[in-house]
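The structure appears right after this line, and notes come after that.
Below, chain A is the first sequence line, B the second, and so on; all start at residue 1.
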Amino acid sequence: MAEHEAYDIHGVEAKWLPIWDQIQPFKSGRADDARPKRYVLDMFPYPSGDLHMGHAEAYAMGDVIARYWIHKGFNVMHPIGWDSFGLPAENAAIKRGSDPREWTYENIAVQKASMRRYACSFDWDRVLHTSDPEYYRWNQWIFLQMYKKGLAYRKDSPVNWCPHCQTVLANEQVVAGLCERCDTAVTKKKLNQWYFKITDYADRLLDDMDQLEGKWPEKVLQMQRNWIGRSIGAEVTFEIEGRESPITIYTTRPDTLYGATFMVVAVDSPLAAELVQGTGVESEFAKYLETIKAASDIDRLATDRPKSGIFLHRYAINPVNGEKLPIWASDYVLADYGTGAIMAVPAHDQRDLDFARAMKLPVRVVVATGEEDPVETGIATVGEGQLINSGSLDGLSKTEAIAAITQELSVKSLGRAAKNYRLRDWLISRQRFWGTPIPIIHCPDCGEVPVPESALPVELPSAQGLDLKPAGTSPLGAADEWVNVPCPQCGKAAKRDADTMDTFVDSSWYFLRYTNPDDTAQAFDKKLVAEWAPVDQYVGGVTHAILHLLYSRFFTKVLHDIGLLNFTEPFTRLLNQGMVLMDGSAMSKSRGNLVRLSEQLDTHGVDAVRISLIFAGPPEDDIDWSDVSPSGSLKFLNRAWRISQDVESKAGVDFTTGDVALRKLTHKALRDISLAVETYRFNVAVARTMELVNATRKAIDSGCGPADPAVREAAEAIAISLSLVAPFTAEEMWSLLGHAPSVALAGWPTIDPALLAEDSVTAILQINGKIKDRIEVSPDISDAKLEQLAIANPEIAAALLGATIVKTIVRAPKLVNIVI
RNA sequence: GCCCUGGUAACCCAAUGGUAGAGGUAGAGGACUUAAAAUCCUUUCAGUGUCGGUUCGAGUCCGACCCGGGGCACCA
């Protein structure tokens, strides 16, 4: 056997990186490139420090797909950028007394270097940073388009407020009722803020998910459906004693209208405040409202909190039977869902029943469900049943009754079918410095005036001299020179809106910008976007399952409606990689189980780390790094690399003259690897590559020998397959095999179908589904012939002695099952 | 509570309804070596969470339950 040099993994890295920089194998979209286009996108990172193991896993997976599609002949765009606005940069700046720009761009440089070392197949000519004015000016432009369409608006609304940080928090920054930064209990505060009207798109966001079925993880689709939370029901109007106009309530159970025994309005709604006027219980009401307002989210979220409320001494009239229903105010009805008022049907709604029992209110069963009486059990009966005590609805089923009463109410103009959503409009204002300034100027005379498009970008001022510490209002308000501007309409002294946009705005359309990131004339070129987008394959963590993906889908639909896009869903296929854990839990410094990517790369090399991450299990599953063996991966890479050293035939040799047995294994492996990659079973693709390496080793040592062309064919197949996951080893092998770089552009070998055919297959002979024997048969054997062989088989014949054959199932060439 | 996921060997994981075991890790033995490492070869272990159903045949499909992970949750 030939003596092998030791495989120098770090030497190989240093050798090939500069060569790839010259070749630029991943440059996409050259004008003369006729290959069909594909778009692979990794979720871009936030530049907080260096890349971690999670990034490494995600980028390894995006790379598998991008590199595979290049081999398959596509012109693949695989860009990267940085989601570089955000709070951590601001915090770092406060701590250091510097500008957030410094920390941000330093970290970007660090991450970029790591990505290059990691050999990501990114097109480095398409980089973008969302904190560049050249990028965020288009955030502002899109904001103005939304403003024109009435999709960006301001309103007073209770928002999440952290009393310690003195700032508004997004819903996602409230974790179990606490501020994610300082663990202070979050309260509600009424503020005037900017919103995007995502609720206008609720139905489309929900219904268009049909397009994504089977292409996005079911889990994500389900989470989005939950989040949007469409509810179908009816609105019903109730006359109110001593009030001119009626009150409309929303219900999903209009069939139970005859079972309503009281009405509840949200205690913090304007309606409640109005109804209580002149009733004599104003002071009790005010006291109750105070206690509710003081309650934190923590209290609100407590599951078995007892019901509370106050009787308003007012009455509503049930439109179907004229009954007088007492009106109560309570916090279990939400002011901002439906109409902020409900009819309470305690017999068939658990919350209403709990309230009725607490307040000693009557309960009337109107659906006979066959379950025990809710008055006795305290358990509301919500199931199917037949309507009773319900006038014209008596005898109908629940479903029939819903249809009938909705129709009846509609005819009498007492109600109508209605929908409601859990989804709320998207609050985008932030009292922060490090974000996109909102392009609005507030003029004492003209009011809200949009910044003219020609005056974009509204650039962030220097942080120098500004106090970035959270103080309840945006630090930008104190930047006098920046904030004080003449009104674009009347020229009088006016002030810029000092808030910045939620950073989720930045990431809602960045995938469009990659098609031409340096375009200074427009956000994106309609034609280029039509060529590349939508994204064929999106890869990223499930942590963004709701917000980022929902917002991007919303933006895509808005931009489509403006006429800028010819599609309505941004990401055709989505892959969520799992997390990288250590000893069963998420890595963190404080937990002491942090595994540093850079140290792993130093110890085992880039390729071994990449293979380990890919081979550890299915991409969607979490990986526990303690289950992973990077040294084992390195051993495998060594084995593969040594094969390329053993090959004795020359490059270009005619493979068809090679050993057929090995050739068959090679072609089967290539087919299996293709299939595995296309179905996201990257771990299986690696396993098949390992098998091929083992088979080739055997062929060299004790089979056809190293000079056989089949060995070269196998070695080249290994190099190409490995190029998906271990680019350095693959390139080194390719070079040792006498080829010029880069293996990334070698193309996927053509699979010869003739070599996929088996010489013989093992047929299983069963009696009653139990295996009796196996025989080798020709793969194209007929059912009849196989059955004949089975009956002639001694094991089968013995079992058949004296038995009657009930049935014989023949599945040539694999199986015969005889039922006796 | 509702919904989505998953449960296969000591461990990570494979198996278009048709031979449960592909691959790896760990362990054991052997070859080579003064020895070790590296390399090569050989090899132990389970019957698919539980119960029931469909089927000639179930890890795979259906139902219920148990356990793990995730989402939503006073949304009428």
Side-chain angles (χ1 to χ4, degrees), chain A residues 1 4 6-7 217-231 233 249-254 256 264 266 300-305 307 330-334 336-345 348-352 354-355 382 420-424 542-543 545-546 578-579 611-612 615-618 620-624 626-633 635-636 638-639 642 672 675-676 681 683-694 697-698 701-702 761-771 773-774 806-811 814-820:
Chain A
M1 196 199 299
H4 296 119
Y7 181 41
E218 188 51 40
K219 185 180 171 180
V220 175
L221 295 176
Q222 203 54 47
M223 282 165 74
Q224 295 226 347
R225 286 193 189 101
N226 270 345
W227 189 263
I228 297 166
R230 179 161 62 194
S231 138
I249 60 95
Y250 174 73
T251 179
T252 54
R253 292 294 303 277
T256 61
V264 186
R300 268 191 68 87
L301 289 168
T303 45
D304 48 2
R305 205 158 58 95
K307 290 278 183 288
S330 174
D331 67 333
Y332 90 90
V333 171
L334 307 176
D336 61 348
Y337 183 79
T339 61
I342 63 156
M343 68 170 189
V345 185
H348 306 296
D349 182 283
Q350 190 60 48
R351 295 151 301 185
D352 295 346
D354 292 343
F355 191 84
V382 297
N420 267 297
Y421 305 90
R422 212 197 68 96
L423 181 72
R424 303 294 146 86
V542 74
T543 44
I546 298 175
M579 289 198 303
I611 287 246
S612 299
F615 184 58
E620 296 90 345
D621 288 9
D622 289 347
I623 294 171
D624 197 317
S626 61
D627 293 332
V628 160
S629 171
S631 55
S633 301
K635 208 167 90 179
F636 160 65
N638 253 292
R639 270 168 76 77
R642 280 200 316 275
D672 289 353
L675 190 66
R681 285 145 57 242
N683 53 326
V684 178
V686 173
R688 294 285 171 267
T689 311
M690 288 173 168
E691 277 181 82
L692 183 57
V693 167
N694 292 343
R697 180 81 261 152
K698 204 168 248 172
D701 290 349
S702 56
V761 293
T762 309
I764 302 142
L765 308 181
Q766 297 179 322
I767 299 286
N768 292 341
K770 300 273 183 291
I771 294 156
D773 203 1
R774 298 139 210 244
V806 179
K807 197 173 184 183
T808 305
I809 290 102
V810 184
R811 294 279 179 278
K814 299 191 76 174
L815 169 129
V816 179
N817 185 17
I818 299 170
V819 185
I820 57 175

Touch check for [X], heavy atoms < 4.0 angstrom, all strands: base, sugar-phosphate only, or nothing?
X: A:Pro618; value: sugar-phosphate
X: A:Asp627; value: sugar-phosphate
X: A:Val333; value: base
X: A:Arg225; value: nothing
X: A:Thr251; value: sugar-phosphate
X: A:Lys635; value: sugar-phosphate
X: A:Arg424; value: base
X: A:Asn694; value: sugar-phosphate

Can you tell me how far [atom2] of [N] sits from [atom1] of [X], to the nearest Å?
X: A:Gln350; N: B:A73; atom1: CD; atom2: C1'; result: 14 Å
X: A:Ile249; N: B:A76; atom1: CD1; atom2: P; result: 12 Å
X: A:Asp672; N: B:A14; atom1: CG; atom2: C1'; result: 12 Å
X: A:Asp336; N: B:C74; atom1: CG; atom2: P; result: 12 Å
X: A:Leu423; N: B:C72; atom1: CG; atom2: C1'; result: 13 Å
X: A:Met223; N: B:G70; atom1: CE; atom2: C1'; result: 7 Å
X: A:Glu218; N: B:C3; atom1: CD; atom2: P; result: 14 Å
X: A:Leu221; N: B:U5; atom1: CG; atom2: C1'; result: 13 Å

Check: Does A:Ser629 or A:Tyr421 map to a spot on RNA chain B nearer the 5' end, using the closest nucleotide for each?
Finding: A:Ser629

Margin query: Both A:Ile809 and A:Gly229 contact RNA chain B. Which one's nearest nucleotide lies toward the 5' end?
Written below: A:Ile809

Looking at [X], does any N or O in its side chain come under 4.0 Å of the phosphate oxygens OP1/OP2 on [N]?
X: A:Ser330; N: B:C74; result: no
X: A:Lys219; N: B:U5; result: no
X: A:Asn683; N: B:A22; result: no

Whom does [N] pair with, Watson-Crick or G-U wobble, provided both distances fall under 3.5 Å?
N: B:C45; answer: none
N: B:A73; answer: none
N: B:U39; answer: B:A31
N: B:C13; answer: B:G21
N: B:G52; answer: B:C62
N: B:G68; answer: B:U5

Check: Could one point to a donor on the side chain of A:Asn817 or the base of B:C56 with an acceptor on the other under 3.5 Å away?
Finding: yes

Notebook entry, point to check: Any donor-acceptor pair under 3.5 Å between the side chain of A:Gln766 and the base of B:G18?
Noted result: yes

Can you tell me, in whole Å, how much space there is between the [atom1] of [N] and that of [M]?
N: B:U16; M: B:G57; atom1: C1'; value: 16 Å
N: B:U25; M: B:G68; atom1: P; value: 32 Å
N: B:U8; M: B:A15; atom1: P; value: 14 Å
N: B:A22; M: B:G59; atom1: C1'; value: 15 Å
N: B:U44; M: B:C51; atom1: C1'; value: 33 Å
N: B:A10; M: B:U43; atom1: C1'; value: 16 Å

With distance as the sole test, does [X] use its side chain to make a donor-acceptor pair with the main-chain N or O of [Y] at under 3.5 Å?
X: A:Asn817; Y: A:Gly769; result: yes
X: A:Asp624; Y: A:Ser626; result: yes
X: A:Gln766; Y: A:Ile818; result: no
X: A:Asn683; Y: A:Ala616; result: no
X: A:Arg422; Y: A:Trp227; result: yes

Does one side chain, of [X] or [Y], offer a donor that lies under 3.5 Å from an acceptor on the other?
X: A:Gln222; Y: A:Asn226; result: no
X: A:Thr252; Y: A:Ser231; result: no
X: A:Asp352; Y: A:Tyr332; result: yes

